[in-house]
Amino acid sequence: MNSILQTKFFKKNGPLISTYFLIAIVFWLIFLIIIPQLYMLDLSFRPNLPPLLRGGSDDVHTLVHYKHFIFGSETSTDAYNAVDVGVFINTIVTAIFVTVINLCFCYPIAFYMAKVAKPNAARLLIVSLVIPFWINELLRSFALRILFAGEGVINNALLGSGLLDNAINFISLDIALYTGLTYAYILLMIFPLYNAIESLDINQLEASKDLGSSTIRTHWRIVIPHAKAGIASGCTMVFMLTAGALATPVVLSSPNTYWFTQLIYQWFNMNDNWSRGSAYSILLLTVSVVFVLLMMRLFKVKIGEIVR
Amino acid sequence: MSAGVELQNISVTFGSFYAAKNVSVKINEGEFFSFLGPSGCGKTTLLRAISGFLDPSEGSVLIAGKDMAGIGPNKRPTSLIFQNLALFPLMSVAENIVFSLEVRGVSKKERQKRADELLELIALSGQGGKKVHELSGGQKQRVAIARALAVEPDVLLLDEPLSALDLKLRQKMRTELRAIQKRVGITFIYITHDQGEALTMSDRVAVMNEGELEQIGSCDDVYNFPQTPFVATFVGENNPFYGKVVSVENGKVRVESSGHTFVARPGNIDENKSHSFANGDEVILFIRPESIFIKNENTTLDNTFSAAVHIIEFEGNLKNIYLKLSSDINVRFSVPNAVDTSELVSGKNVDLTFSTQKAVVLPKGVLAVD
């Protein structure tokens with residue numbers, strides 16, 4: 001104990017603040033993250049047993065849930081579990097798609113706020129972006145549903161103005177879902193981009209222009225390379241949260257579209273199969289993390305840069 | 001190819017504030033031209049108007065006789081070197097240098113060749129693969145110059161590019177810049193608040209204050225024949241004596257200033273004409289510190305006065321001696337370091353003298369340091 005008190009950290013911050021930091025960080029890491037996740041990891045390798053049998057001779061480590069994900073139930077005759085794997089792949093691919101759309105949508109806004117708008121206009125813009133997010137995700141999703149429903153605001157407007165003869169089914173086409181998912185995490189894309197672009201010296205832009213560069217090329221050669229870490233940070237965040245979203249898909253997806261989190265939710269809550277739910281969660285987490293690490297490797301971004 | 005630049009009645013306003021006010025100047029082809037003035041005098045505004053980053057509120061910018069209105073910075077035959085250089089930190093030195101060729105779709109091979117040529121010009125051969133942050137301050141400076149020259153602009157604009165360097169390097173870069181300008185033969189327009197830089201490099205200098213041009217002329221003219229009290233005090237050091245004209249005879253002006261009477265030559269209105277004064281005019285007489293001497297049997301010039309030594313300041317090559325003519329009038333003169341000043345103790349009265357030819361009389365006006 002004495003040796004801890006002698007460390008630089010303690011000397012620099014004083015005993016009160018140092019102890020607080022230590023306890024807060026240890027609590028956060030160990031109790032809120034590591035222990036639950038480890039517990040879930042362990043649970044995912046155990047059979048789903050009624051409470052009485054838990055800890056008994058049947059409670060052994062098994063790959064049954066992961067097998068179920070790939071090959072389906074033991075009674076099934078299919079070569080593999082087309083439904084679950086299909087939902088899984090669809091979720092990941094859609095999340096990538098949503099992330100890219102989000103990036104394309106947010107980049108101009110972030111650039112405008114960081115480099116073009118006057119300070120007051122930029123502040124106003126930030127406030128007007130933030131305020132809608134005081135409304136919770138579920139409510140925002142329902143609001144979009146009202147907008148996109150068969151007899152919703154958009155269809156009524158289009159039909160009323162004579163632009164359309166028949167209503168568009170935005171829900172079954174999943175347009176509502178994509179819009180909802182893109183909108184849901186927009187701030188988590190805009191702010192890292194804004195921070196990254198904001199730190200770019202305006203003279204760099206002017207120098208590029210002065211040397212004859214077009215606006216697009218200036219962005220391609222100067223702004224985007226500079227903002228790479230912010231782009232990676234925003235994309236990681238949006239991808240992870242989109243792939244793990246629940247409220248938006250529940251409210252906005254078409255009856256035939258399932259989001260992988262909905263399957264997880266079903267295993268946990270409706271089927272009362274916590275160990276299978278855990279296995280599916282671990283799968284989603286692992287693939288998401290691997291995907292992000294791959295992207296970081298591909299774009300040569302270090303993890304330290306992302307969290308900057 | 002080189003081109004002349006003409007500013008015709010340029011005004012730039014921000015709200016009710018004039019950053020530049022009715023500035024007209026004709027900069028010749030192949031000339032090294034400096035805008036000299038204190039910070040906030042509008043010189044950077046003019047440079048931005050020439051480069052196209054700013055549209056003048058009134059007046060026009062002509063490059064090679066062509067009106068530049070509506071032509072963006074990427075379409076003008078000018079290159080700008082920024083105060084902080086604005087090199088691209090994520091690109092190599094060579095990529096920086098030929099960026100302007102890259103954006104014009106020049107082939108990679110051609111770019112490589114041009115990069116090598118320019119690296120040789122700036123004595124950085126073989127260092128094109130380095131990252132910008134691996135270079136020293138002076139090397140970065142030279143890369144910025146090479147990058148600006150890569151497109152072969154007609155006019156190179158420089159916005160105080162030496163201000164971040166330390167003194168020695170700054171002096172070296174002055175010589176280098178001048179040499180590069182002679183070699184490439186294009187028009188250089190240089191912005192600075194450092195009169196030393198302006199005077200050592202330029203063919204002509206425009207002195208500016210509060211958005212307006214005070215004087216345009218050769219370095220020699222601006223220093224020796226200031227046309228306004230501002231120029232007299234901003235370019236080099238000067239002692240102002242506020243006074244009134246007592247008489248004007250044979251092109252000499254006799255000025256009475258707090259009990260002393262001095263004779264001086266009238267200052268110029270423009271290059272060819274000098275001010276004409278009448279008795280009773282309120283004027284300022286300027287005499288430079290290096291033109292005042294201690295009076296003795298060998299050195300006696302047409303003006304003499306005596307003052308009490310206050311402080312002696314050691315500057316290295318010079319010693320600056322501050323004297324009090326009266327309680328509120330200070331005079332400063334300089335002697336080379338080699339001169340023995342042990343006699344000049346604080347409070348001692350000394351007799352001083354200066355030549356009529358070196359003293360300039362100008363109508364009363366704003367000084368650079370007030």
Side-chain angles (χ1 to χ4, degrees), chain A residues 107 110-112 114-122 192-235 295-306 308, chain B residues 14-15 44 47-48 50-54 71-92 95-106 111 114 118 131-132 140 143-161 164:
Chain A
Y107 179 85
F111 183 81
Y112 181 81
K115 289 291 165 224
V116 184
K118 300 217 167 69
N120 276 336
L193 288 181
Y194 172 77
N195 280 337
I197 297 171
E198 218 271 322
S199 67
L200 179 67
D201 174 13
I202 194 113
N203 284 347
Q204 297 264 314
L205 300 176
E206 292 192 339
S208 171
K209 186 152 203 196
D210 188 63
L211 291 166
S213 174
S214 64
T215 306
I216 290 176
R217 195 180 275 269
T218 300
H219 279 278
W220 182 246
R221 289 290 272 139
I222 312 290
V223 188
I224 293 176
H226 174 86
K228 202 170 69 173
I231 292 171
S233 173
C235 287
M295 286 298 119
M296 280 164 56
R297 171 68 65 88
L298 195 68
F299 290 103
K300 299 194 180 107
V301 184
K302 295 195 188 72
I303 194 121
E305 292 177 273
I306 284 193
R308 199 157 52 190
Chain B
F14 297 108
T44 299
L47 200 71
R48 292 179 70 79
I50 299 171
S51 60
F53 285 110
L54 186 150
I71 298 175
N74 49 351
K75 305 278 183 224
R76 293 194 184 190
T78 56
S79 268
L80 175 59
I81 297 183
F82 290 79
Q83 187 162 11
N84 66 359
L85 306 183
L87 293 174
F88 305 129
L90 301 173
M91 295 183 199
S92 72
E95 279 179 297
N96 259 284
I97 291 177
V98 292
F99 182 75
S100 55
L101 304 179
E102 181 194 319
V103 303
R104 284 169 175 77
V106 174
R111 289 197 321 247
R114 184 83 178 117
L118 284 160
K131 278 274 184 308
V132 172
K140 281 183 195 161
V143 171
I145 295 166
R147 185 178 72 174
L149 291 176
V151 263
E152 300 183 340
D154 299 342
V155 181
L156 189 68
L157 308 168
L158 304 100
D159 185 6
E160 305 206 30

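Residue numbers start from 1 in every chain, and the chains themselves are labelled A, B, ... in the order their sequence lines are given, proteins ahead of strands.
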Toward chain B, the part of Ser208(A) with a non-hydrogen atom under 4.5 Å: both

Minimal non-hydrogen separation, Gln204(A) against Pro89(B), with atom names: OE1-CD, 3.3 Å

Distance from Met91(B) atom CE to Arg221(A) atom CZ, nearest 0.5 Å? 4.0 Å

Say you draw a straight line from CG of Asn96(B) to CG of Leu211(A); how long is it, rounded to the nearest 0.5 Å? 9.0 Å

Part of Leu85(B) lying under 4.5 Å from any heavy atom of chain A: neither

In terms of heavy-atom proximity below 4.5 Å to chain A, should Phe88(B) be classed as side chain, backbone, both, or neither? both

Quick one, Asp210(A) and Thr78(B) - any side-chain contact, counting heavy atoms below 4.5 Å? yes

For Ala121(A), enumerate each residue passing the side chain to side chain contact (heavy atoms under 4.5 Å, CB included) test, keeping only those at least two apart in sequence or located in another chain. Ala117(A)

For Ile216(A), does the CD1 atom have more than 12 heavy-atom neighbours from other residues, nucleotides or ligands under 6.0 Å away? no

Measure Leu80(B) against the heavy atoms of chain A and call it side chain, backbone, both or neither at under 4.5 Å. both

Top contributor to chain A interface from Glu102(B), Gln83(B), Arg76(B) [non-hydrogen pairs under 4.5 Å]: Glu102(B)

Side chain to side chain contact (heavy atoms under 4.5 Å, CB included) filter on Asn203(A), not counting sequence neighbours, yields Asp201(A), Glu206(A), Phe82(B), Asn84(B), Ala86(B)

Flag the one option from Pro153(B), Gly52(B), Gly72(B), Ser100(B) with the top tally of heavy-atom pairs under 4.5 Å to chain A. Ser100(B)

